[in-house]
Every structure is written in structure tokens, then in C-alpha cells.
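Data first, discussion second: the structure below is written as C-alpha cells.
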2 protein chains.
Amino acid sequence: MKKTNSDVTIYDLAEELNVSPSTVSRALNNNKGIGKKTKNAVKKLAKKRGYRPNKLASSLRTNKSNTIGIMVSWINRPFISTLISGIENAAKEAGYQVIITQTQDKLDIEIENLQTLFESRISALIVSLSMETKKYNHFSLLTDNHIPIVYVDRIPALKDIHKVHIDNFKAAFEATEHLIEQGCERIAHFGGSRLQLIYEDRRTGYISALTKHNYEVDESIIMEANNLSAEEGFRLTEFVLNLDHPPDGIFCANDTAAVSAIRFAKSKGIAIPDELAIMGFNNDPICEIVEPQLSSVRHPALQMGEKAVEQVLRILEGPEESVVSNGVTLDTRVIVRSSTDRG
Amino acid sequence: MKKTNSDVTIYDLAEELNVSPSTVSRALNNNKGIGKKTKNAVKKLAKKRGYRPNKLASSLRTNKSNTIGIMVSWINRPFISTLISGIENAAKEAGYQVIITQTQDKLDIEIENLQTLFESRISALIVSLSMETKKYNHFSLLTDNHIPIVYVDRIPALKDIHKVHIDNFKAAFEATEHLIEQGCERIAHFGGSRLQLIYEDRRTGYISALTKHNYEVDESIIMEANNLSAEEGFRLTEFVLNLDHPPDGIFCANDTAAVSAIRFAKSKGIAIPDELAIMGFNNDPICEIVEPQLSSVRHPALQMGEKAVEQVLRILEGPEESVVSNGVTLDTRVIVRSSTDRG
DNA sequence: AAATTAGTTGCAATCGATTGCGTTTTATTA
DNA sequence: TAATAAAACGCAATCGATTGCAACTAATTT
């Protein structure tokens, strides 16, 4: 069979140039100890022969795979896929590649994936927790073996971890306050699982805003959803609207369920935002499509991915002392649209 | 430093059990040539010590990375991210991992990524072409080196390649025919770059339906868009509606631009679907959100990912003769919603 | 009991790149 | 010119798992 590019190794180059493989390796890596002429000759031949270094061999020897593992709940969600897009961009820029796994929001899959990623010798992991994750000891598989982890978005409730996230408390506070400013007098909250810090924080941010403005905090209109799916959004909306004292505002912890709230309310002939103002979270593309357009909290997904990679690089390649940094908090912004704008 | 799990190798196990590393390796791989007692002892100790095989070493030796490379335009698009989700699921099932790269629809990035993926020794590549790709010779880097490629969705105009796709001609034909059945008398088409087979096929499918029903094929309302973005959707809609003979139907090659068409038309007070019927393509989630809801062509993204992995496995692991199969065509279906339903 | 067979296990090379250390060659200084 | 320093390069081990072949032990046959 014809000899193909992938068969070209440093040994082949070495032989053809009558130098040692060491020299070839050093020349290609711009090692200072190699003469200019040799260096050029090696590089020239490498190009000519279509030589491509074997990353597997290199990784094995150096014990660095230059691979970043990603673990998320589902790839096909607007926020997540944008996050991943940001990670891939930044990683490629830095010469890293990216292995993706999804947990489907299941803890056991999360654990399994962790094993696989570990066996793949990833250099670092960027992870957003599954909905079911409440304990974090399974991550020790990586940390015990000195593989850094950067948590993004759905982060654990732990100190001294590397993380990139938003201030969910503040974002929720502002979102709720916006509803209050628009004159809402009774504001419901559709939150996610309180096991997840992000949802807990949104909940407390919401409560804090109510308290600040002397609103009653009524647990009967504070819902804890399982997954904030479209279906659940319908169900929850129906539920709160059927209460004796239905809310005139909803702060929903994601856009998917918020859109369902809009659609349900509309189907019941309820005027939005005047009778019911609705605020989402994430600023997914659908916010601008649904009618009325959905107010939401802008969540810098792409940037979050980039920052996560930055953290990874700092830990992996930066000076020792830079590693103490244990968190980046990104800005959010309430985007006001028709679903809450009573102006 | 304390010895951590990742430091455990077959040599450590071998030493502790007073057997050779070969025996350990064979035992762990269930090689028939190893006695039952030894096999069990090895496995037991491996578990006890938290042994994890080093995939890099294994891959280097066997020349199989068990990694599937993915190359797509953008990860953060509904269709693509769902496709990837399907690939990841099926790949994990089969014991493969997945490396992701995005081309941002640029040919030069596509070429670069190909190099990187090649150097990573991927076992196979699943790719959807960038918008700019019209020649395919850069893929020879992989094929020359016997790395199989399965093309999905945006496939090259070539014979004898492995591919998973839909019948774009038929889908477009049916979509257009549906518009005709709804009484549209003048149907515009917003297509993508004709360099891409999928868009060319949708175009010819559209034309063919027109022809079958004795409609005039008017090039002035057959648009070739650059990227079918939301902005472009607006622009194109504005353009055709300002013509002397504006269309009363639009068949758009994606949903993003179709939604823009809806929004633009509505803003001009044009009744949908009665004055203007609009048909999209892909059946993205926004189809159900926009008002009126958007008719579209359902595109089995998840399944496409799974089938692509199936093809990969067939090529990589199946018997020689099964490899001749050079294409899977998946079913599409026109989903009728309010944007075209004049019933 | 000797001979044959089957069943287990070890030896050592291999995958391709990297790297500490030693050696050779060239340049510099006395 | 001899001695010293510097520059360039090679040797050989290494990363961890796999595998063809040989060797050894135990079981079976005659």
C-alpha cells in the first residue's frame, strides 16, 4: 500500500536527513539547542512530506493531552450550545481541543461521563452540573488526580472552587424589582430545583426584592419546578392563575417556561403585561419571537464559555499564584420588552 | 506526593500480583488465554486500586483512538446542536468519544480544523460542510489516510461518499405543493447558497413543483441568500413585497429567515396566511412560538446524528462488504401550521 | 510412565514523540 | 597553537498498553 501522510514520523524525517529523531523533534519544537540550518532543513522536509505530529504519542510522553472536557446537561439548548460555542472558540485559539459529553440532567450519567473523561486524560474539565447533582464527591476523581475543574453556570455550593457564573441573586433581584416598578402587586416565581444554587439564588433574589419593597412573601405562589420545560410552564401558570388570589406578575427562572406562561395567559384572554406581567431568564432567541416579546435577563453565554477557558489556561499554564482566583462573575442585564413594559 | 489513581498502571498491578504486565493487560481485556483465577485476581485488584486504563497509550499502540470528530458550521443553532446531541448519545453508547469543532461557515477554518482533527488521530469524521465549501479536495487529508468521513446534512455533490441526509428535493417539492394547494398563485423562494447541494436541491424541488402545476418560474422572486439570517430574511421579504407583482407565498429554506418574513409582513399589516403564506424549513422550536405559527419541514436532526454514528460504526467495525452502503436518506414531513393553513 | 496436547503466562518489541545527559563539533579566548 | 567555552547533536530511556512468539506447567492420551 502506498505510504500515506499519517505514516510519516520523525524517524522518517530523521533518516532522510541523516540526523537523529531527537534533533527532528527539537527542530520542530523550536528548541534553542538546534542549529539554524538543521532547523530549517527539518521544517522544510516536514512540510514537504506532509508530516503531522502524532498527538497521542506526544500526549502520552508529556502527560498533557491538551484536551478540555465539557460536561453539560443537554447540548441542544440555546444557552448551552452558545456556551459550548464560546468554549470551542477560545479553546481552539489556545491550541486545545474539546471533548463533549452530556448528562441529560442525570446524576448517574454525570458520574459515568466523569470516568470516561478521566480515562481520556483530559487536561481540564468545564462542567455545568446536572439537575440531580447535590453532592459533589464524584468530582474528586478528577481533583484527586490534579485535573482542574472549572464550573460554569450551574455551579456547586462550595467555597474555593474555580467557577464562572453570574450573580443570580442580583439578577433576580433586579428582575423582580423591575416587575414591582411596573406596578405588579403580587408576583409569583417559577423556580428550578432548589438543589441547584442558581435557582436557589434566583429565588432568594426574588424574595429579597419583595421584602425590600414590603411585599408579602407568599410561598403559595413560589413554585419549584422540576425542569422548567414548556409543559411545566403551562401547568404552573394554570395553577397560579387558578388560585383565589392569582398573581399579576410572574418571574420565571427560564425563558422556556416563561413563554409557556405567555401562551397560556393569552389563551385565557389575559392581557399581557397589564393583567399579568411576565419576566423570563436567559434571553433566548425566542424572547424576541413570542408575542408579546418576553422581557428577560441577558445571560452572557458566549463570554461565559470564553472566560471558562481563560480560567483553565490560567490554572494549566499560568504562574502558581494566579490560581488562587476562584471565580469570575459576569454581568447580567434585565432586557425589558413588551411582556413587562406597562409604560 | 501521595500516589493517586491516575498513577496506577498495569505495571503496578502486575508487580503487586507477581505476574507480568502482559497478563494484566490480557486479563483486563478478557483475553481467552488467561486463567480464571488470575483473571479475577487482576480485575479485583484493578478495582481496588482504582485502575483506569490510559487511553492515550492504548490508542497509540493500537492506532485506534475511538474518537469521532465532528465539524459543523455553528454549534449554537437548533438543528446543529440537536444533531450533535444525537451523535454524542450514539457515540457514547458505542464507546466512542466526540471531539467538536466549528467552522463558522468559513472554508479556511474548515481546512484548519481538518488538520487538527487529523493530528488528533480521530477514528472517523462526521461533517456538515461550511457555507463556503465548494471543492472537497481538502478532505483527502483524511481519506488518503483511511480515516472515514460521513457527511451529514450539508453534503458534497459527490458520488460514492458516506452520507446521511434528507431528500431535499422531495421535501421542497412537497412544501411548495402544499403552498399551491393552499391557493398560492405566486410563490417566492428564499434559498441558501447554491454552492450547497441542500439549497440547490430545495430550489429545484421548488421549481419542479411549480412546473408540475404549470406555474410560471420567475427568477425575480427566487432569491439566493448568503446565510438566511434573521436580518437577511427581513431584507428579502421587503424586497419581494415591494415588487410590482409581489408573491402571495414564500417558501423559505430555513426557519430563521421565515420567521423574519412573518414579522415583516405583519408589521406591514399583511394578512398571514391569506395574503401571504409562509413556509419554513427545519421545524425549529420557534415555529410554534411565532404568531402565526410557522409551517415547516420537519428535519430529523437527532436521528440524523444517530444514523451518522451507525454509519461510522459500520465502516469502522462492520464487515468489509457492508461499507459499500453509501447513503442513508431520512424522512421529512411537512408540518402544517397557521402560516400556511388557509383551510 | 512417556509422549502429546491444551492451557497459562512471560519476554521483549512496538506505537511516536520527548528529554536528561553525554559527546562531538565549532567558535572563542589566551 | 593550545586551551577553554559554547553550540549542536545523538544515545537511550521513557510514557503505558498491546501482542506475536516462545516457554513453561498441567492435563490428557497411549
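In the text below, chain A, chain B and the rest are named by the order of the sequence lines, each starting its count at 1. Quick caveat: nothing in here was measured; it's all calculated off a predicted structure.
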Qualifying salt bridge (charged side-chain N to carboxylate O under 4.0 Å, His left out) pairs with a residue from residues 93-116 of chain B, counting only residues at least two apart or across chains = B:R77-B:D105, B:D105-B:R154

Got a sec, which pairs hit salt bridge (charged side-chain N to carboxylate O under 4.0 Å, His left out) with one end in residues 53-69 of chain A, sequence neighbours left out?
-> none

Tell me which nucleotide among D:dG16, C:dG16, C:dT19 gets nearest to the side chain of B:R61.
-> D:dG16

For atom [atom1] of [X] and atom [atom2] of [N], their distance in whole Å:
X      : N      : atom1 : atom2 : value
A:L60  : D:dT14 : CG    : P     : 14 Å
A:D12  : C:dC15 : CG    : P     : 11 Å
A:E119 : D:dG16 : CD    : C1'   : 14 Å
A:N29  : C:dT18 : CG    : P     : 5 Å
A:I10  : D:dC9  : CD1   : P     : 15 Å
B:E15  : D:dG16 : CD    : C1'   : 15 Å
A:L13  : D:dG10 : CG    : P     : 13 Å
B:Y11  : D:dT18 : OH    : P     : 10 Å

Output all residues satisfying ring pair (Phe, Tyr, Trp, His ring centres under 6.0 Å) with B:Y96, sequence neighbours left out; order by chain, then residue number.
-> none

Is there a donor-acceptor pair closer than 3.5 Å between any side-chain N or O of A:Q311 and the backbone N or O of A:I149?
-> no

For B:S65 and B:R121, indicate whether the former's side chain and the latter's backbone hold a donor-acceptor pair under 3.5 Å.
-> yes

What are the atom names and distances for every N/O pair under 3.5 Å that joins the protein to nucleotides 22-24 of chain C?
none

Using the benzene-type ring in the case of Trp, are the ring centres of A:Y151 and A:Y136 under 6.0 Å apart?
-> no

Tell me whether the OP1 or OP2 atom of C:dT18 has a side-chain N or O from A:S58 closer than 4.0 Å.
-> yes

Contacts of [X] that satisfy side-chain hydrogen bond (donor to acceptor under 3.5 Å, both in side chains) - sequence neighbours left out:
X      : value
A:T101 : none
A:Q115 : B:R52
B:T23  : B:S20

Give me the bend of the helix from C:dA1-D:dT30 to C:dA30-D:dT1, using the axes of the five pairs at each end, rounded to 10°.
-> 50°

Check: residues 34-43 of chain A side-chain donor-acceptor pairs under 3.5 Å, at least two apart:
from	atom 1	to	atom 2	distance (Å)
A:T38	OG1	A:G35	O	3.4
A:K39	NZ	A:N31	O	3.0
A:K43	NZ	A:N30	OD1	2.8

Sugar-phosphate only, base, or nothing, as touched by A:S25 at under 4.0 Å among non-hydrogen atoms | base

Across the strands shown, which category fits A:N63 at heavy-atom distances under 4.0 angstrom: base, sugar-phosphate, nothing?
-> nothing

Identify, with sequence neighbours excluded, every residue that meets side chain to side chain contact (heavy atoms under 4.5 Å, CB included) alongside A:E306.
-> A:A90, A:L302, A:Q303

Side chain to side chain contact (heavy atoms under 4.5 Å, CB included) with A:Y11: which residues, sequence neighbours excluded?
-> A:T9, A:P21

Which atom pairs link the protein and nucleotides 6-10 of chain C when you take only N or O atoms and keep those under 3.5 Å?
from	atom 1	to	atom 2	distance (Å)
C:dT9	OP1	B:T38	OG1	2.7
C:dT9	OP2	B:G35	N	2.6
C:dT9	OP2	B:T38	OG1	2.7
C:dG10	OP1	B:S20	N	3.2
C:dG10	OP2	B:S20	N	2.8
C:dG10	OP2	B:S20	OG	2.9
C:dG10	OP2	B:T23	OG1	2.2
C:dG10	O6	B:R26	NH1	3.2
C:dG10	O6	B:R26	NH2	3.2

